[in-house]
Chemist: 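I am attaching a structure below and will ask some questions about it afterwards.
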Amino acid sequence: MMKRILLVGFVTGFVISLSAQNDPVNDVANTVLIQDVEAHLTFLAADEMRGRNTGSPEIDIAANYIASFFKQQGLKTLPGADRYFQSMELQSMKAPKDIEFVVNGQLFKMKDDVALMGGDSVSIAGEIVFAGYGSRDEMMKAKVKDKIVVTYTGNAGENNLAKAFLHDAVVKTELAHELGAKALVEIQALPGIPWLGVAEHLSKERISLKKGFALPHLWMKNSDNAAITALKKTQRASGSLKVRGTNRKEIRAKNVIAMVEGTDAKLKNEFVVISAHYDHVGVNPNSKPDSIFNGARDNAIGTVAMMEAAKFLSKFPPKRSVLFMALTAEEVGMLGSLWYVAHPLVPLNQTVFNFNCDGAGYNDTTMATIIGLERTSFQENLTKACSKFGLKAATDPMPEQNLYERSDNYSFAAKGIPAIDFSPGTKAFDEQLMKYYHQPADEVSTLDFNYLIKFFRSFVYANHLLCNQPQKPVWTAGDKFELESKKLYGK
């Protein structure tokens with residue numbers, strides 16, 4: 001009799017186990033629960049966290065909270081990450097006391113004409129060269145070694161300030177340093193961008209990645225000044241650059257990273273990165289009556305989505321291996337993701353996809369807005385995942401906002417890794433959205449959890465599909481990152 005009972009129990013358990021394995025949608029619904037996500041959001045976006053500003057004590061508390069959650073779920077650490085933490089080197093910089101840039105005898109002054117992007121105090125004189133948009137070919141042709149090199153911002157044919165500021169400027173600075181230039185000056189020639197706004201931004205204290213060099217890097221107002229017009233025409237001039245009174249200090253920061261190892265003998269060597277930034281914009285004492293920018297929508301929602309995916313995939317390990325990343329310093333220039341792709345804990349050519357979760361908020365609770373939905377071969381499964389939980393998978397409704405280039409997915413994409421940003425439903429940057437975007441009103445008490453549970457479950461299920469599908473995700477043919485992808489993966 002006892003054997004029969006044990007046999008019946010075994011068979012029943014086996015059937016239940018088999019049923020669960022064959023119904024991941026039900027598993028997701030039973031794992032991703034409203035009370036859990038509300039608890040995480042309440043902690044991360046509490047007033048006591050004071051907006052999780054980069055470099056603050058409170059963002060370290062958030063990092064410890066996420067790391068403790070990873071440990072609780074039994075996730076593995078990686079070599080290069082101490083107790084789930086990947087330390088990174090940042091620096092803050094205040095505007096210098098003075099800048100003087102002279103081209104063929106014409107003086108250009110700080111704020112009126114030029115502003116400092118990066119680098120130390122300097123006093124140099126000599127030859128100035130113009131190198132177009134600052135590509136490698138243009139800089140090599142201009143022979144920038146031991147010269148001040150002047151370029152346009154961004155790239156020819158583009159009108160994307162965020163990309164020019166956050167990505168292209170970094171690439172050009174590193175290239176100018178590599179080729180031995182004394183300084184880099186970029187002329188801000190993007191249409192519709194007022195110089196005064198750029199100069200004001202660059203005059204504030206800013207945070208950037210710490211570099212192993214201190215090449216002076218300036219942005220300059222575009223004008224029809226005779227000296228600059230002649231420089232563009234002849235590509236040669238003489239002059240000088242003086243930057244006085246720079247003030248830099250180091251800042252502590254860290255990404256929080258964990259891993260679930262894949263179960264398939266072959267696919268476990270392919271890694272999916274599930275990411276979200278956990279920083280926000282901190283406190284503004286001048287904001288009355290509430291000075292704390294809690295950041296529930298941006299981006300505690302994304303952080304919790306990533307954490308819930310970690311919980312589910314640790315409980316139901318997929319075929320591919322997965323890295324879970326809480327990235328820091330996104331709000332000050334996507335620095336956490338830029339640091340990671342420059343110092344990866346897993347080779348980038350083994351990283352097959354970046355599934356990022358970030359957004360400004362939501363104003364349409366019938367959908368998830370997926371920035372880059374149509375750009376990879378994973379589009380069909382993204383649509384399927386959303387539909388299983390009653391949402392529509394929507395494409396970027398505002399391509400003119402260049403949202404794809406404004407979150408951490410872009411850092412991975414620029415290396416050739418297929419990447420998307422899974423965002424709450426956004427149909428426009430309207431009054432409903434802007435009421436909360438980077439505002440003190442963005443608190444947990446204002447969130448719609450009936451919508452968010454659908455969003456979180458769709459996100460987790462989509463990651464389950466991605467990490468188990470037999471075919472490797474790729475860029476859509478003709479995508480602007482397809483060439484970089486071929487270089488990265490050797491295909």
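Residue numbers count from 1 along this sequence.
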Chemist: Hey, is the main chain of Asp396 close enough, under 3.5 Å, to the side chain of Thr369 for a donor-acceptor pair?
Modeler: no
Chemist: If you look only at pairs with a residue in residues 364-394, which of them pass as a ring-ring contact (aromatic ring centres under 6.0 Å, His included), with sequence neighbours excluded?
Modeler: Phe353-Phe378
Chemist: If every non-hydrogen atom of Glu308 is compared with every non-hydrogen atom of Val32, which pair is closest and at what distance?
Modeler: OE1-CA, 3.6 Å
Chemist: Using side-chain contact (heavy atoms from CB on, under 4.5 Å) as the criterion, list what pairs up with Ala360, not counting sequence neighbours.
Modeler: Phe429, Leu433, Tyr437
Chemist: Determine whether Ser337 and Asn356 satisfy the following criterion, side chain to side chain contact (heavy atoms under 4.5 Å, CB included), listing intermediate values before the conclusion.
Modeler: CA-CA 11 Å; Ser337 55; Asn356 190 54; over 6 Å; no
Chemist: Using the side chain to side chain contact (heavy atoms under 4.5 Å, CB included) rule, take Thr246 and Leu116 through it: C-alpha gap first, then chi angles, then the decisive distance, then the call.
Modeler: CA-CA 9 Å; Thr246 55; Leu116 188 67; 3.7 Å; yes
Chemist: May I have all residue pairs that pass ring-ring contact (aromatic ring centres under 6.0 Å, His included) and include part of residues 273-293, sequence neighbours excluded?
Modeler: His280-His438
Chemist: Do Asp479 side-chain atoms and Phe481 backbone N/O form a donor-acceptor pair below 3.5 Å?
Modeler: yes
Chemist: For a side chain to side chain contact (heavy atoms under 4.5 Å, CB included) check, start with the C-alpha distance between Ile420 and Asn409, then their side-chain angles and the critical distance, and finish with the verdict.
Modeler: CA-CA 6 Å; Ile420 59 164; Asn409 52 281; over 6 Å; no
Chemist: Begin from the C-alpha positions of Glu484 and Leu488 and carry the test side chain to side chain contact (heavy atoms under 4.5 Å, CB included) through to its verdict.
Modeler: CA-CA 6 Å; Glu484 286 301 316; Leu488 178 65; over 6 Å; no
Chemist: The criterion is side-chain contact (heavy atoms from CB on, under 4.5 Å); which residues satisfy it with Lys315, sequence neighbours excluded?
Modeler: Thr31
Chemist: If you look at every heavy atom in Trp195 and Met220, which pair is closest and at what distance?
Modeler: CZ3-C, 3.5 Å
Chemist: Test Phe312 against Phe316 for ring pair (Phe, Tyr, Trp, His ring centres under 6.0 Å), laying out the working first.
Modeler: CA-CA 6 Å; Phe312 180 83; Phe316 301 97; 4.8 Å; yes
Chemist: So, Glu89 and Lys211, do they make that salt bridge, N to O below 4.0 Å?
Modeler: no
Chemist: Would you be so kind as to tabulate the donor-acceptor pairs closer than 3.5 Å made by side chains of residues 164-176, with sequence neighbours excluded?
Modeler:
residue: Asp168; atom: OD1; partner: Asn155; partner atom: ND2; Å: 3.3
residue: Asp168; atom: OD1; partner: Lys163; partner atom: NZ; Å: 2.9
residue: Asp168; atom: OD2; partner: Asn155; partner atom: ND2; Å: 3.3
residue: Asp168; atom: OD2; partner: Lys163; partner atom: NZ; Å: 3.3
residue: Lys172; atom: NZ; partner: Tyr133; partner atom: O; Å: 2.9
residue: Lys172; atom: NZ; partner: Tyr152; partner atom: O; Å: 2.7
residue: Lys172; atom: NZ; partner: Gly154; partner atom: O; Å: 2.7
residue: Lys172; atom: NZ; partner: Glu186; partner atom: OE1; Å: 3.4
residue: Thr173; atom: OG1; partner: Ala169; partner atom: O; Å: 2.7
residue: Thr173; atom: OG1; partner: His217; partner atom: ND1; Å: 3.0

Chemist: Can you list, pair by pair, the side-chain donor-acceptor contacts under 3.5 Å of residues 76-84, counting residues two or more places apart and other chains?
Modeler:
residue: Lys76; atom: NZ; partner: Glu261; partner atom: OE1; Å: 2.7
residue: Tyr84; atom: OH; partner: Leu75; partner atom: O; Å: 2.7

Chemist: To the nearest 0.5 angstrom, please state how far the CZ atom of Phe456 sits from the NE2 atom of His40.
Modeler: 9.5 Å
Chemist: Which class fits the ring pair Phe459 and Phe455: parallel under 30°, tilted 30 to 60°, perpendicular over 60°?
Modeler: parallel
Chemist: Between Arg136 and Glu178, is the salt bridge (Lys or Arg N to Asp or Glu O under 4.0 Å) condition met? List the steps.
Modeler: CA-CA 10 Å; Arg136 178 174 289 275; Glu178 176 192 333; 3.0 Å; yes
Chemist: Under the criterion side-chain contact (heavy atoms from CB on, under 4.5 Å), which of Ser275, Pro418, Ser411 is the partner of Asn354?
Modeler: Ser275
